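Structure, as structure tokens:
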Amino acid sequence: MSSELTVGFLPLVDACLPILAREHGFAEAEGLSLRLVKDMSWATVLDRLLYGHSDAAHMVAPLAIATTLGRGRPAQPLSVPFVLGLNGNAVTMRPDLARRLTTPGHLADPVAAGAALRVVAQERREAGNPLRFGVVHRHSSHNYMLRYWLAGCGIRPDHDVEITTVAPPFCADALEAGEVDAICVGEPWNSVAVERGAGEIVLMTAQIWRRGVEKVLAMKERLLLERREDVEALVRALVRAARHFVDPEHWDENAAILARSEYLDGDPVLIRRAISDRLLLARGGEIVPFPDFMFQYREAANFPWVSQAEWLYTQMVRWEHGTIDSEEARKAARVFRPDVYRSALIGSTEPLPGASSKVEGSLAGTTVVGTQQGRMTLESNQFFDGGVFDPADLAGYLARLP
């Protein structure tokens, strides 16, 4: 008899792994029955998880940390034993703004585009009509990556530009309605805006931080303790789904599954583009390949690196104008659970890193790294400004940021 797990998700391409683990029988092979529940906002996904209506959730990584630390509501410790993917987001702007930053159909250089945007932001602020960006949640990697880029280009978030929250399925609508000038969201919602002519893709978040953590599998810490065997079985099923997802032979089939009404309820053509790292940047243009746009499997993409949780914590402190608290930092780091990931996969053919933390932004090229099992190489993980995050010095890192 299989154990049932209910998993909440939003209609985004990066909800793919739990969906495919269910649809292709990978969960069933591990003795699990997955029940998937679709929501429309991250706030609802979180409520469902905290009130026991779901066992686990597809979630923006910083929200798991914020919930554990009691940001905005009573603290409830969450655990992340698995990363569902890196990056996969884009910055899409109204066409008139996009063309101040880059030529239609071409991705902008983050530094040059930031310099041009700084001029526009100043013009708009002086005119009493500041630029407004839409992000999917206050505690999202979208928010922190966007702010990291803006600040690194001399644009002060919340002063020179406004940042507001728009749930992913409504981002293209908000752009089309003129409520925001730009959105930072995952697929397929950038592509929906492009197809409507409401926006043009200017940047990928992978250009801001090439291997930035994005969505995670989150659950209450208590459930992890009570159902450890089921959680480890789910990790194994998700790894199989990730391996399947990145195989070009399966792109058409998986796009068709994700497009179904119970999942993304979207256009399989747009979904397949995202899966294959090929996006239309501006209506009427050519499809542009961007390798590693969706990064769901290689290079320990699914491994919950403690250093990535700690980077997210520094950005939370930065934009809430606080200071590093050693006890909070310890709790934030503890949210990511590489020990559970290792336990689930030890003895398998899956490579396991030798360390659980690393210096983020330090790799300029392909590097062979030490492993607990198997062989592993990591590629560039640089930030656009050349910044390096050493998790051994959170306060020092924060002090150096603009």
Side-chain angles (χ1 to χ4, degrees), residues 41-43 45-47 49-50 57 59-80 83-84 86-87 89 133-152 155-159 161-166 184-186 205 208-209 211-218 220-221 304-337 357-361 383 385 387-402:
S41 75
W42 293 117
V45 167
L46 179 62
D47 283 344
L49 182 67
L50 296 184
M59 184 177 285
V60 278
L63 187 52
I65 295 168
T67 304
T68 299
L69 299 181
R71 295 291 203 267
R73 63 191 305 158
Q76 290 209 47
L78 298 187
S79 293
V80 168
V83 171
L84 292 169
L86 308 178
N87 285 310
N89 301 320
F133 288 80
V135 297
V136 302
H137 195 279
R138 176 186 173 195
H139 296 123
S140 68
S141 48
H142 313 64
N143 186 29
Y144 296 150
M145 296 270 260
L146 177 68
R147 286 170 179 270
Y148 186 91
W149 173 55
L150 293 172
I155 301 166
R156 296 166 295 177
D158 308 318
H159 185 276
V161 298
E162 296 178 0
I163 299 177
T164 190
T165 299
V166 183
C184 183
V185 67
T205 52
I208 299 170
W209 179 16
R211 290 289 184 263
V213 63
E214 180 44 41
K215 304 299 189 309
V216 297
L217 179 78
K220 286 184 180 179
E221 186 179 58
W305 292 97
V306 172
S307 48
Q308 295 187 340
E310 291 172 312
W311 184 83
L312 293 173
Y313 171 66
T314 65
Q315 301 310 297
M316 196 174 294
V317 171
R318 178 187 191 185
W319 299 113
E320 292 174 5
H321 309 292
T323 55
I324 298 293
D325 177 282
S326 59
E327 181 59 20
E328 269 200 343
R330 187 192 65 78
K331 289 179 181 176
R334 176 69 179 165
V335 172
F336 278 32
R337 295 296 299 272
S357 189
K358 64 186 192 297
V359 178
E360 302 292 343
F383 292 90
D385 58 359
V388 172
F389 170 66
D390 184 349
D393 183 19
L394 304 188
Y397 173 75
L398 200 54
R400 289 189 296 275
L401 294 175

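Just so you know, these numbers come straight off a predicted model, no measurement behind them.
- Applying the side-chain contact (heavy atoms from CB on, under 4.5 Å) rule to Ala309 yields the partners Ile65, Phe336; only residues at least two apart in sequence or on another chain are considered.
- The shortest side-chain heavy-atom distance between Asn143 and Val60 does not fall under the 4.5 Å cut-off.
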Please list, one pair per line, the donor and acceptor atoms closer than 3.5 Å that link side chains of residues 391-402 to other protein atoms, with sequence neighbours excluded.
from: Asp393; atom 1: OD1; to: Gly396; atom 2: N; distance (Å): 3.0
from: Tyr397; atom 1: OH; to: Trp311; atom 2: NE1; distance (Å): 2.9
from: Arg400; atom 1: NH1; to: Gly396; atom 2: O; distance (Å): 3.2

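- Checked against salt bridge (Lys or Arg N to Asp or Glu O under 4.0 Å), Asp390 has no partners two or more places apart in sequence or in another chain.
- A distance of 7.0 Å separates CZ in Arg334 from OG in Ser79, rounded to the nearest 0.5 Å.
- Between the side chains of Ser141 and Glu214, at least one donor-acceptor pair of N or O atoms lies under 3.5 Å.
- Side-chain contact between Asn89 and Lys215: present, with at least one pair of heavy atoms (C-beta onward) separated by less than 4.5 Å.
- Heavy-atom minimum distance, Val45 versus Ala57: CG1-CB, 3.6 Å.
- Looking at every heavy atom in both residues, Val161 comes nearest to Ile155 through CG1-CG2, 3.9 Å.
- Residues meeting the side chain to side chain donor-acceptor pair (under 3.5 Å) test with Thr205, sequence neighbours left out: Asn87.
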Practice prompt. Take Arg318 and Tyr148, measure what side-chain contact (heavy atoms from CB on, under 4.5 Å) needs, and give me the verdict at the end.
Written response: CA-CA 10 Å; Arg318 178 187 191 185; Tyr148 186 91; 3.7 Å; yes
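- For Arg71, the salt bridge (Lys or Arg N to Asp or Glu O under 4.0 Å) partners are Glu320, Glu328, not counting sequence neighbours.
- Separating the CE atom in Met316 from the CD1 atom in Ile324 is a distance of 10.5 Å, to the nearest 0.5 Å.
- Not counting sequence neighbours, the partners of Lys358 by the side-chain contact (heavy atoms from CB on, under 4.5 Å) test are Trp305, Ser307, Gln308, Glu360, Leu378, Asn381.
- Of all the heavy atoms in Leu78 and Leu50, the pair that sits closest is CD2-CD2, 4.0 Å.
- Atom CG in Leu84 sits 11.0 Å away from atom CE in Met59 (nearest 0.5 Å).
- In this structure, CZ in Phe133 is found 5.0 Å from CG in Leu150, a value given to the nearest 0.5 Å.
- For Glu221, there are no salt bridge (Lys or Arg N to Asp or Glu O under 4.0 Å) partners two or more places apart in sequence or in a different chain.
- In this structure the side chain of Val83 reaches within 4.5 angstrom of the side chain of Val216, judged on heavy atoms.
- Here the shortest heavy-atom pairing between Val388 and Gly361 reads CG2-O, 3.7 Å.
- Residues meeting the side-chain contact (heavy atoms from CB on, under 4.5 Å) test with Arg156, sequence neighbours left out: Arg125, His159, Asp160.
- Distance check, rounded to the nearest 0.5 Å: OG of Ser41 to CG of Asp47 gives 8.0 Å.
- At a threshold of 4.0 Å, the pair Lys331-Asp325 does not count as salt-bridged, since none of the basic side-chain nitrogens sits closer than that to a carboxylate oxygen.
- Taking the side chain as every heavy atom from C-beta outward, Trp42 and Ser140 never approach each other to under 4.5 Å.
- A search for ring pair (Phe, Tyr, Trp, His ring centres under 6.0 Å) contacts involving His139 returns His137, not counting sequence neighbours.
- Annotation: the span from Arg330 atom CZ to Tyr313 atom OH amounts to 12.0 Å, rounded to 0.5 Å.
- Under the salt bridge (Lys or Arg N to Asp or Glu O under 4.0 Å) criterion, Arg147 pairs with Asp158, sequence neighbours left out.
- In this structure, the side-chain contact (heavy atoms from CB on, under 4.5 Å) partners of Thr164, at least two apart in sequence or on a different chain, are Arg132, Val166, Val180.
- Under the 4.5 Å side-chain criterion, counting only non-hydrogen atoms from C-beta, Glu310 is in contact with Phe389.
- Thr314 is linked by a side chain to side chain donor-acceptor pair (under 3.5 Å) to nothing, counting only residues two or more places apart in sequence or in another chain.
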